[in-house]
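Because only heavy atoms are used, hydrogens play no part in the values below, and waters and symmetry mates are left out as well, while side chains stay in. To find a chain, count down the sequence lines: A is the first, B the second, and so on, and within it residues start at 1.
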Amino acid sequence: MPELMQFFLSGITVGAVYALVALGFTIIYNASDVVNFAQGEFVMLGGMITVFAFEAGLPLPLAALIAILGTAVIGVALNRLAIEPARGAPVVSLIIITIGASIFIRGVTQIVFDKQIHRFPAFSGDAPIAVGGATILPQSLWVIAGALAVFIGLWLFFTRTLVGRAVLATANNRIAAQLVGINTKFIMTLSFAMSAAIGALAGVLVTPITLTSYDIGISLALKGFAAAMLGGMGNPKGALVGGLLLGILEAMTAGYISSQYKDAAAFVVILAVLFAMPQGLFGRKQTDRV
Amino acid sequence: DIKIGATVSETGPASFLGDPEAKTLKMLVDALNAAGGINGEKIEFVIYDDGGDPNKARTFATRLVEDDEVVAIIGGTTTGTTMAIMPVAEDAEIPFISLAGAIEIIDPVRPYTFKTPHTDRMACAKIFEDMKKRGFTKIGMISGSDGFGASMRKQCLAIIGDYGIEVLADETYGPTDADMTPQLTNIKGKDGVQAVLNPGFGQGPAIVTRNYAQLAIGLPLYQSHGVASDSFIELAGAQAAEGVRLPGTALLVAGLLPESDPQYAVVKAYKEAYEKATGKPVSTFGGYAHDAFAILVDAIKRSGGSESSAIRDAIEATSGLVGTTGTVTMSATDHLGLDLSAFRMLEIQKGGWKIVE
Amino acid sequence: MSLLQIEGLGIDFGGLRAVNDVSFSLKAGEIVSVIGPNGAGKTTLFNMISGVYLPGRGKVMLDGEDVTRLSPHLLARRGLSRTFQNLQIFHAMTVLENAVVGHHLHERGNILADLLSLPASRRSSRESEESARRLLDRVGLGRAAEQEAGSLSYGALKRLEIARALALKPRVLLLDEPAAGCNAVETEEIDHLIAQMAAEGISILLVEHDMKMVMRISNHIVVLDHGEKIAEGEPAAIARNPRVIEAYLGAQATEANHADG
Amino acid sequence: MRLSSKTITLLGLAVVIAIAPVFFPSSFYYRVGSLIFVNGLAVTGLVILIGYAGQISLGHAGFAGIGAYACALAPVHFGLHPALAAVLGAVLSGIIAWLVGRPILRLKGYYLAVASLGFGVLVSMVLANEAAITGGPDGMAVEDPGLRGALKAIGIDLSNTEFWYAFSGLILVIGAWLALNLYHSPTGRALRALHGSEVAARAVGIDVAGYKLKAFVISAVYASVSGSLLALQNKFITPDVAGFMHSIEMVTMTVLGGAGSVIGAILGAAILTILPQILTVFQEYEQLLLGLVMMLVMIFMRDGLLPSIARRLRRGGE
Amino acid sequence: MLTVEGLRSRYGRIEVLHGLDIEVASGQIVTVVGANGAGKTTLLRCLSGIQPVSAGSIVFRGEALTAVPAFRRVQRGLSQSPEGRQIFTNLTVEENLRLGAYLFADDKVDRDMQDAFAMFPILREKRNLAAGGLSGGQQQMLAIARALMARPSCLLLDEPSMGLAPILVAQIFEVVKSLKSLDVTVLLVEQNAFGALSIADRGYVMETGRITMSGPAAELIADERIRAAYLGV
Ligand SMILES: Nc1ncnc2c1ncn2[C@@H]1O[C@H](COP(=O)(O)OP(=O)(O)OP(=O)(O)O)[C@@H](O)[C@H]1O
Ligand SMILES: Nc1ncnc2c1ncn2[C@@H]1O[C@H](COP(=O)(O)OP(=O)(O)OP(=O)(O)O)[C@@H](O)[C@H]1O
Ligand SMILES: [Mg+2]
Ligand SMILES: [Mg+2]
């Protein structure tokens, strides 16, 4: 039994990481139908900027704040310089732009910073906390709490605020959004800023666990994307559940079946879920009448 | 001028290895040219970044051979890229010194292919010798599933029987995994495991080491030469890394070497130069590139010209060349020229390295 | 015998009985109109008949055969064709290509022939194209043939849909508000077109809110309200039916109709 | 006789492939050329899937992997000739695509993307993990098919790079010919129609699921042949060929050049193959510039290079 | 109130409006009629700002609008019920209406919503359902109601009666007429030319991107050419 507990704790730790990345995808997707493949780069920037600010002597909280704000600015710049000018382009073209952006950001990072692996200290030390015969690191609790907080924030934003609804409206029908007085450009800017900030926050929280380097973005984005699709793209609940589920699945497979094929198992389950629920677990079904 | 080419993985999944290699090569070329070159001739150096992609590596190798017309190639950060470059070099009859670990690169021996790092098999042997000495006969293994980890795992499993050691648990993890506690829990739960071995490079081993401490497994942990750099201690945390053993090269313990050590001068000079030039700590991988360059320069000097086949013959005749990884003596049947003595068993103690032999 | 026979058809969305227990039939060359207030279930009925929705209850019989659960492309193969209330145009293709696609079922050849561009494949493409041009002329879009379909105005797109549906050479044609967005004169043109098609033997099931048109060309009218059939009969009788007037036509509308007529 | 635009396009492509070597300063350029053709072949398949039928796949490298490893494994394990192994790989890819495609093509948009991605991951994972058969992450050697030797026997003596340039070029022209044939054929129109509106496509009698599957299978065969060509000319193959990054690269080439146009996509393949070679002079700025070029092309040529340029020319002409 | 002079607009390289002059006085209902493809929709799109103008001027309440982005025009009091309805299909009916009043956060929004429900009771029934599931006519009602939620001083209606049952067509025209008493100016594009001209103060006739006739609605309705070309009598 303790090993089950350990697998579970491992699963939710990793799952919370995926969930944070997946939550970052949600806003830009909800505003524009674009899956931003540079989302992983935001996570990387959050970690890397914190590392270097911290090593330059800033206190960790300040370094983290700078990283989050800095990444948000980069997100806004990405929108203003690359996405907005391509307005009206097909969604695949926009996706390629975000892929280009992710390569670009990686390229800049390796020059501005370096190609080494980095880490900064965990927020509350490294002393494991015992839970039911298993252990979890305090930093994992930070990550889980972060994922929950971001989830609640986003959920309230999309269901309780008019601006949140305006974001959904912008993606659903941009012309109609303008016709009701929504400043769609601002909405896009806001979405990129929020997505980037959430990504950076994820980076800040997970770096003490996963470590960071200029090229961790791709694999995080990949897993986050898979998690978001498992849960249903665009729904914060889906991102959270999808992320946690994916993490737990991987941990259980690694623990009970085969660590070699744990990623495979995760994808097999995703495929199985999608066959039964083509919109993911919580994705809303499109109702388009003919 | 003498034109030398290189293709290494400066970016991509193996950039952890390729980056210090590239930096080392560039640094050494500059230094050599500043000192007047070889036999009065300057080195013209062309280096490409193959991103760890074998297909790209092959293209760059073709480019080096056909377009840049280099006399020799250094490179192939990973075994995969090396195997892709090799046919090009062999076809063109241009000496090629690989920086990757697998034994297949030099076994069977091919006329134009050489390499500087120890083989994975040698690292395994070094570790198993140490285990045997400490009386461990049953171990657990957790390997990275990338090329480095998979290849070393394979080599280790191939020779482990020779040491009377048995693998009770054989786990793996992906190169970008964030948590290895499930695999380690399984190893922990296996009765009779006396020690654990973790072949891998990059962030994986650091996370394994941290998880190892988190689970309070308490058994001796062996890492591979893939993490032989100071940054490993930093990433894993001195506390978690306490007591970890791994086979390393003299480079890593430059400060601990007695002046009488044959490698003392070479290692110290490289370490200082590299750390001054880049501001980063040296790693074993930069050392591989250093040695490859040294072997090549030595061979060019001795061959007295820039004829590829002459250089090849000269490389094969390398003898007693002191590098960072060991003293290299090649032959027609040995295109590596290192033996086990080049490895030193190191243990991490109080955040630093200690030679335990 | 009737060509198309609807028996007790019904479907629910969540708690809503969108269509319930609707039955009627359509004979060859006949024009039957389905009218009713907004949300009465007319389009939903069409969607069930054409296989876009799976009916919850009831049967659709085509030529005496039960075709209830067939998917749309199989129904098309049996000669059932339709247009859409919410335009379904292949925007990235030219107007001509839109019409050519309608010939899909009459095109011979297979994927291999297409890949290799064998004569059979080319010939059938050419034939489809010629026929498509004739159809476009017929709906008044001949001159727009080479334009990208996305650049047409709303009314033109409506007519393009009709051309495409006709390209199937259907036996039964379902038209969902073909005259929406057309002015009185344009409506009359469509009116003629429909009458012509019926004369050629195509059975037509029509949903339309333009009462002048409906009254003028229908052989028979089915009235839905809240998913139920509330009346059925000859146009003149329907126009006088108090339930229909109350639910659908409104007192003024009938007056206006009389005033115009 | 008036030539159709298809014939002109194909002739143009063939002429460019045949004439280009005149300008090659060294035989390295043959290598780059053959890579362009190999990539071009894969993206031509994706034009059919993405450009015509509008279905996104982020897992096509999986098929390239099957094609590549068929050439590596079949000769070793079944003693099959490598060229026949390529055919076997293509057939196998087609069958697997047919099996996999049936369930996953029911998904739409990003959901299809993630499902196909999952398929690609599974393939590359098997290739990397089953080291006993495939050589694991470090890859395995591929036998020479001996086609060059056969040519030599009939008096055509080509160097290795020259041969693969010519051979891949030939295969690409054939691939492009097939794809261009498809565009204006009933099948091509059906694919483009279901891209526009699935409901309407069904209503005119198009078996949407069936046609999607056909496009998927065809594109898988293209990817497989491309993988085989790569394996045969590299004489060595690693699981990277089936990796996620390779899938992304294929899609990027397709969209960059213009997903709806065969020649456009080949152009995209050419650019993304040549660009890294050019950017090497910028050393560490290479990645940064690659990303920048991708963004700029897509910002200013939103439908992809060729369609955008064509539109501009047309506009300028009037 | 709204003055359009020399308005030209193009899709790509094809010009579809060739210099239009239109004048809408405050509180008036002005109708534009014309055949399919005449450019009526394009005109309204230019006015609401979602279609670029290549030449000419739009002056609204004394201010030039040409350079004002679409969402700002809503703030100035222009609101459109567009062709093709353009509702937010993934949002609920209520959310659609709420977004119609995006600029406002006062209590009056609720009252406006109740008014909308009173006008189209079916929308109240469906308030919590995704708007994409509505029938065509219901969506049309929603589009009109949403446009009204913006409290416009000038309402642009693109074929509001399209797809509505006869009983509702009559009601829509009543509603438009009643807007007059609320001092809302209306520019009405309609295929039901007879109905539209009956309630309008002025009318314009558009043919292939040009205004070919204009005048008081009553005169147009009596004009033989118009009766033949647009009224079908
Ligand atoms: N997919 C669906 N999801 C939810 N509700 C639906 C769906 N399809 C239809 N409905 C509901 O069923 C009822 C009937 O709709 P339908 O479109 O058939 O009406 P209609 O008679 O065609 O109306 P109109 O004249 O306005 O086009 C409506 O209340 C509609 O909201
Ligand atoms: N997106 C577009 N691209 C190119 N041309 C277009 C586009 N939209 C409309 N047009 C063209 O502009 C002209 C005017 O179209 P518009 O939609 O304004 O007409 P309309 O008067 O509203 O017609 P309808 O009564 O059919 O709605 C038409 O010739 C049409 O083909
Ligand atoms: Mg309807
Ligand atoms: Mg219009």
Side-chain angles (χ1 to χ4, degrees), chain A residues 29 33 35 37-38 78 81-111 115 214 218-219 222 225-226 228-230 232-233 258 260-261 263-264 266-271 274-275 277-280 283 286 288 290, chain D residues 50-51 54 56 58 100 103-104 106-123 125-126 128-130 197-200 203 244-245 248-249 251-256 259 268 283-304:
Chain A
Y29 176 80
D33 275 347
V35 165
F37 276 91
L78 172 62
L81 301 177
I83 305 292
E84 200 57 51
R87 190 178 26 175
V91 170
V92 274
S93 301
L94 292 174
I95 292 171
I96 300 299
I97 291 180
T98 68
I99 292 178
S102 94
I103 297 175
F104 176 77
I105 293 174
R106 229 167 18 241
V108 174
T109 311
Q110 75 187 36
I111 294 169
K115 288 184 238 167
Y214 79 104
I218 317 165
S219 59
L222 184 62
F225 174 54
M229 302 309 294
L230 173 62
M233 197 70 193
S258 145
Q260 272 196 327
Y261 282 101
D263 288 8
F267 273 108
V268 167
V269 170
I270 291 178
L271 291 177
L274 290 183
F275 295 151
M277 306 162 106
Q279 318 283 330
Q286 298 271 8
D288 278 323
V290 291
Chain D
I50 300 177
I56 296 258
L58 292 184
V100 171
I104 75 173
R106 282 177 26 211
L107 303 173
K108 296 203 165 54
Y110 292 114
Y111 292 94
L112 174 59
V114 85
S116 55
L117 186 156
F119 163 74
V121 168
L122 291 180
V123 172
M125 202 160 279
V126 169
N129 282 341
E130 297 308 315
S197 162
E198 288 192 15
V199 200
F244 170 64
M245 292 318 290
I248 292 275
E249 192 181 28
V251 174
T252 304
M253 287 171 174
T254 313
V255 176
L256 198 75
Q283 306 259 357
E284 63 261 47
Y285 295 95
E286 190 185 326
Q287 292 244 315
L288 179 164
L289 290 170
L290 178 65
L292 203 58
V293 171
M294 278 170 64
M295 286 198 278
L296 290 177
V297 170
M298 291 285 53
I299 292 170
F300 294 108
M301 305 186 169
R302 51 192 52 183
D303 295 318

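Within the 4.5 Å cutoff, no side-chain heavy atoms of A:Leu81 are placed close to those of D:Ile299. Using a 4.5 Å heavy-atom cutoff, the side chains of D:Val114 and A:Met233 are not in contact.
The minimum heavy-atom distance between D:Arg106 and A:Pro278, with the atom names listed, is NH2-CG, 4.4 Å. Of all the heavy atoms in A:Ile103 and D:Gln287, the pair that sits closest is CG2-O, 3.3 Å. The two residues D:Glu284 and A:Gln110 have their closest heavy-atom pair at O-NE2, 3.6 Å. Taking each heavy atom of D:Tyr110 and A:Asp33 in turn, the nearest pair found is OH-O, 2.6 Å.
Only the side chain of D:Ile56 comes within less than 4.5 Å of a heavy atom in chain A; its backbone stays farther off. Within the 4.5 angstrom heavy-atom criterion, only side-chain atoms of D:Leu107, from C-beta onward, approach chain A. In this structure, the portion of A:Leu271 lying under 4.5 Å from any heavy atom of chain D is its side chain and not its backbone. For chain D, the nearby part of A:Val290 is the side chain; its heavy atoms alone come within less than 4.5 Å. Residue D:Leu289 does not touch chain A at all, counting heavy-atom pairs closer than 4.5 Å. No part of A:Leu230 comes within reach of chain D, as not one of its non-hydrogen atoms sits under 4.5 angstrom from that chain. In this structure, chain A has a heavy atom under 4.5 Å from the side chain of D:Ile248, while its backbone stays farther away. Heavy atoms of D:Met301 lying under 4.5 Å from chain A are absent altogether. For D:Tyr285, the parts lying under 4.5 angstrom from a heavy atom of chain A are both the backbone and the side chain. If you measure heavy-atom distances from D:Leu292 to chain A, the contacts under 4.5 Å come from both the backbone and the side chain.
Summarising the geometry, atom CG belonging to A:Leu222 is positioned 9.5 Å from atom CE belonging to D:Met245; distances are rounded to the nearest 0.5 Å. Here CE of D:Met295 is found 8.5 Å from CD1 of A:Ile97. Values are rounded to the nearest 0.5 Å. From D:Met298, atom CE reaches atom OG1 of A:Thr98 across 11.5 Å, with rounding to the nearest 0.5 Å.
Remark: A:Phe275 CZ is packed, more than 12 non-hydrogen atoms of other residues, nucleotides or ligands lying under 6.0 Å away.
The greatest number of non-hydrogen atom pairs below 4.5 Å with chain A, out of D:Val297, D:Leu122, D:Leu290, is found for D:Leu122. Chosen from A:Leu94, A:Ile99, A:Val268, A:Ile105, the residue pairing most often with chain D at heavy-atom distances under 4.5 Å is A:Ile99. Note on A:Ala264, A:Ala228, A:Ala226, A:Gly100: by heavy-atom pairs under 4.5 Å with chain D, the leading option is A:Gly100. When A:Gly283, A:Pro90, A:Ser102 are compared by the number of non-hydrogen pairs under 4.5 Å with chain D, A:Pro90 comes out ahead. Most heavy-atom pairs under 4.5 Å with chain D, from the set A:Phe267, A:Tyr261, A:Phe225: that is A:Tyr261. Chain A forms the most heavy-atom pairs under 4.5 Å with one residue out of D:Thr252, D:Asn129, D:Val255, and that residue is D:Asn129. Ranked by non-hydrogen atom pairs under 4.5 Å with chain A, the options D:Val126, D:Val251, D:Val293 are led by D:Val126.
A:Arg87 meets the salt bridge (charged side-chain N to carboxylate O under 4.0 Å, His left out) test with A:Glu84; sequence neighbours excluded.
Every pair passing side-chain hydrogen bond (donor to acceptor under 3.5 Å, both in side chains) that includes a residue from residues 294-303 of chain D is listed here, sequence neighbours excluded: D:Asp303-D:Arg311.
For the pair D:Tyr111 (side chain) and A:Met277 (backbone), a donor-acceptor distance under 3.5 Å is absent.
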